[in-house]
Novice: 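If you scroll down you'll find the structure; I have some questions about it.
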Amino acid sequence: MKLHGTMGIKDNTLYIGGVNALDLAKKYDTPLYVFDEELIRNNCKEYNKYFKVKENNNKVAYAGKAFLPKYMCNLIDEEGLYLDVVSGGELFTAYKANFPMKKILFHGNNKTIDEIKMGIDLGVGVFVVDNFYELDILEKFCKEKNMIQDIYFRVTPGIDAHTHKYIRTGQIDSKFGFALTNGDFYVAVERLKEYKNVKLIGIHAHIGSQIFEVEPYEEEVDVMFNLVKKLKEDYDIEIKEVDFGGGIGVYYTKEDKPRSIKEFCEKIINKCNEKCKQLNINMPTLILEPGRSLVANAGSTLYSIGSIKNIKDVRTYVSVDGGMTDNIRPSLYQAGYECAIVNKMNNEKSEHKVTIAGKCCESGDILISNTSVLDIESEDILITTSTGAYGYSMASNYNKIPKNPVVFVNKGNDKLVCKRQSYEDLLSLEL
Ligand SMILES: Cc1ncc(COP(=O)(O)O)c(C=O)c1O
Ligand SMILES: N[C@@H](CCCC[NH3+])C(=O)O
């Protein structure tokens, strides 16, 4: 198992943020999400530095869908990031955390009327308009309020990135954005001639998630900057901001070969410089929206092992007290993970392969297939790493399993950020 961020081993035991992982399991019980605060803050700092936030006035907006307790809103605000929200719920979370509304980008391919009104009333900085329906409604409400709302258009750039088909979004057959190749984007731009209460200040595209190659981003720069030039020349629209979305891939298992934040940012910025020169246009403000690459490796999940079922000559199932309810990614995307026993970190790995299974009533509730873990015993504490993105945020109450608590660790201290759901909480909405 790869050690991320502040993880270290002392006396055969895993420490995160200077805190003994076994002690965390005892104190908060399992299953439990543990977040390495220093690693998240360092990732924010790296993005700010290499994406030239101060130097060039560029922006990094954290994609809240990856993981958004109020604590995260405060953390990214302290680190100077913007925030991408994608629903009324995420917007409300940010609002309750006193996150500056002007630093919010409001995304979503089907914002409801109530969500659009809420965004306007709370004063979000930018609506990333996805479709004609949203554009028309936004104009109508802004007119009624006698205000002008800044917007970006979400462009479907026709770029097919290599990633799982469920998390690929840049290709023409996508539910997101205005397609360029069939002309929808230009129909939307034409419509702006009549619309006086929305102002197009930027364009946005997001080509997918968990992408390792830089080339699709360079292709995206090409498409987006050509568009900036065309909008100026053909429509006299000055595009001040260009948002390339998120999607930068991270390490889950040895098969993943992620680039560093530095390399990604530098390559994108270099390509932007080159393209601006080539097209002879002014450099707009550049925006990135990382989610996974800010938090995935900073989060881990602690589980207690229960039943160990050895089906002779077939397979050994090692079952844990969580599963697809706290990490849907293996069942949804066949995503791989690494694991270890937190107080047997230096032991020899066994040759015997085991399958780590969840406790849900689904055969597909398998967290890791065929992994080698050492002398595993019931009641050991197992850790799966890199569960910080799209774990808690995609958690469910299937089988009426309560959601795990979230603990942040930093410099030897631990802090409870989200409580464990209780059985009473599970019933709290039932009449
Ligand atoms: C519009 C938009 N921005 C940013 C992101 C964040 O992506 P990631 O977590 O892969 O960085 C997503 C999710 O894929 C997205 O849909
Ligand atoms: N939930 C996805 C990524 C979501 C992408 C959002 N546009 C994952 O876990 O990989």
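Start at 1 and go down the list; that is how both ligands and their atoms are numbered.
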Novice: What about Ser209: any of its N or O atoms under 3.5 Å from an N or O on ligand 2?
Specialist: no

Novice: Using distance alone, determine whether Lys65 and ligand 2 share an N or O pair under 3.5 Å.
Specialist: no

Novice: Which of these, Arg329, Arg292, His206, Met394, has its nearest heavy atom closest to atom 9 (O) of ligand 2?
Specialist: Arg329

Novice: Strictly below 4.0 Å, N to O, side chains only: are Lys232 and Glu238 in salt-bridge contact?
Specialist: yes

Novice: So, are Lys145 and Asp121 salt-bridged, with charged N and O less than 4.0 Å apart?
Specialist: yes

Novice: If you measure every N/O of Arg154 against every N/O of ligand 1, is any gap under 3.5 Å?
Specialist: no

Novice: On the 0 to 90° scale, with breaks at 30° and 60°, tag the Phe67-Phe408 ring pair as parallel, tilted or perpendicular.
Specialist: parallel

Novice: Taking the side chain as every heavy atom from C-beta outward, state whether Thr316 and Lys353 have any atom pair closer than 4.5 Å.
Specialist: no

Novice: Heavy-atom contacts with His204 under 4.0 Å: which atoms of ligand 1 show up? List them by number with element.
Specialist: 1 (C)

Novice: Of the side chain and backbone of His107, name the one, both, or neither that has a heavy atom under 4.0 Å from an atom of ligand 1.
Specialist: side chain

Novice: At less than 4.0 angstrom from any non-hydrogen atom of Tyr333, what atoms of ligand 2 do you find?
Specialist: 1 (N), 2 (C), 8 (C), 9 (O), 10 (O)

Novice: Is it true that Glu220 and Lys275 make a salt bridge, defined as a side-chain N closer than 4.0 Å to a carboxylate O?
Specialist: no

Novice: Would Glu289 count as a polar contact of ligand 1, with the cut-off being nitrogen or oxygen pairs under 3.5 Å?
Specialist: yes

Novice: State plainly whether the residues Lys411 and Glu38 are in salt-bridge range, i.e. N to O under 4.0 Å.
Specialist: yes

Novice: On a heavy-atom basis, I'd like to know which of Ala63, Pro290, Gly245, Gly247 is closest to atom 7 (O) of ligand 1.
Specialist: Gly247

Novice: With backbone taken as N, CA, C and O and side chain as the heavy atoms from C-beta onward, which portion of Asp84 lies under 4.0 Å from ligand 1: side chain, backbone, both, or neither?
Specialist: side chain

Novice: Assess whether atom CG of Asp234 is packed by more than 12 heavy atoms of other residues, nucleotides or ligands within 6.0 Å.
Specialist: yes

Novice: Just jot down the ligand 1 atoms closer than 4.0 angstrom to any heavy atom of Arg292, in number order.
Specialist: 8 (P), 9 (O), 11 (O)

Novice: What part of His206 sits under 4.0 Å from ligand 1 if we count only heavy atoms: the side chain, the backbone, both or neither?
Specialist: side chain

Novice: Could you walk me through whether Lys59 and Glu241 pass the salt bridge (Lys or Arg N to Asp or Glu O under 4.0 Å) check?
Specialist: CA-CA 9 Å; Lys59 298 176 186 173; Glu241 312 201 351; 3.1 Å; yes

Novice: Please determine if Asp130 and Lys175 form a salt bridge, counting it only when a charged side-chain N lies under 4.0 Å from a carboxylate O.
Specialist: no

Novice: Which ligand 1 atoms does Tyr390 reach within 4.0 Å, using its non-hydrogen atoms?
Specialist: 6 (C), 7 (O), 8 (P), 9 (O), 13 (C)

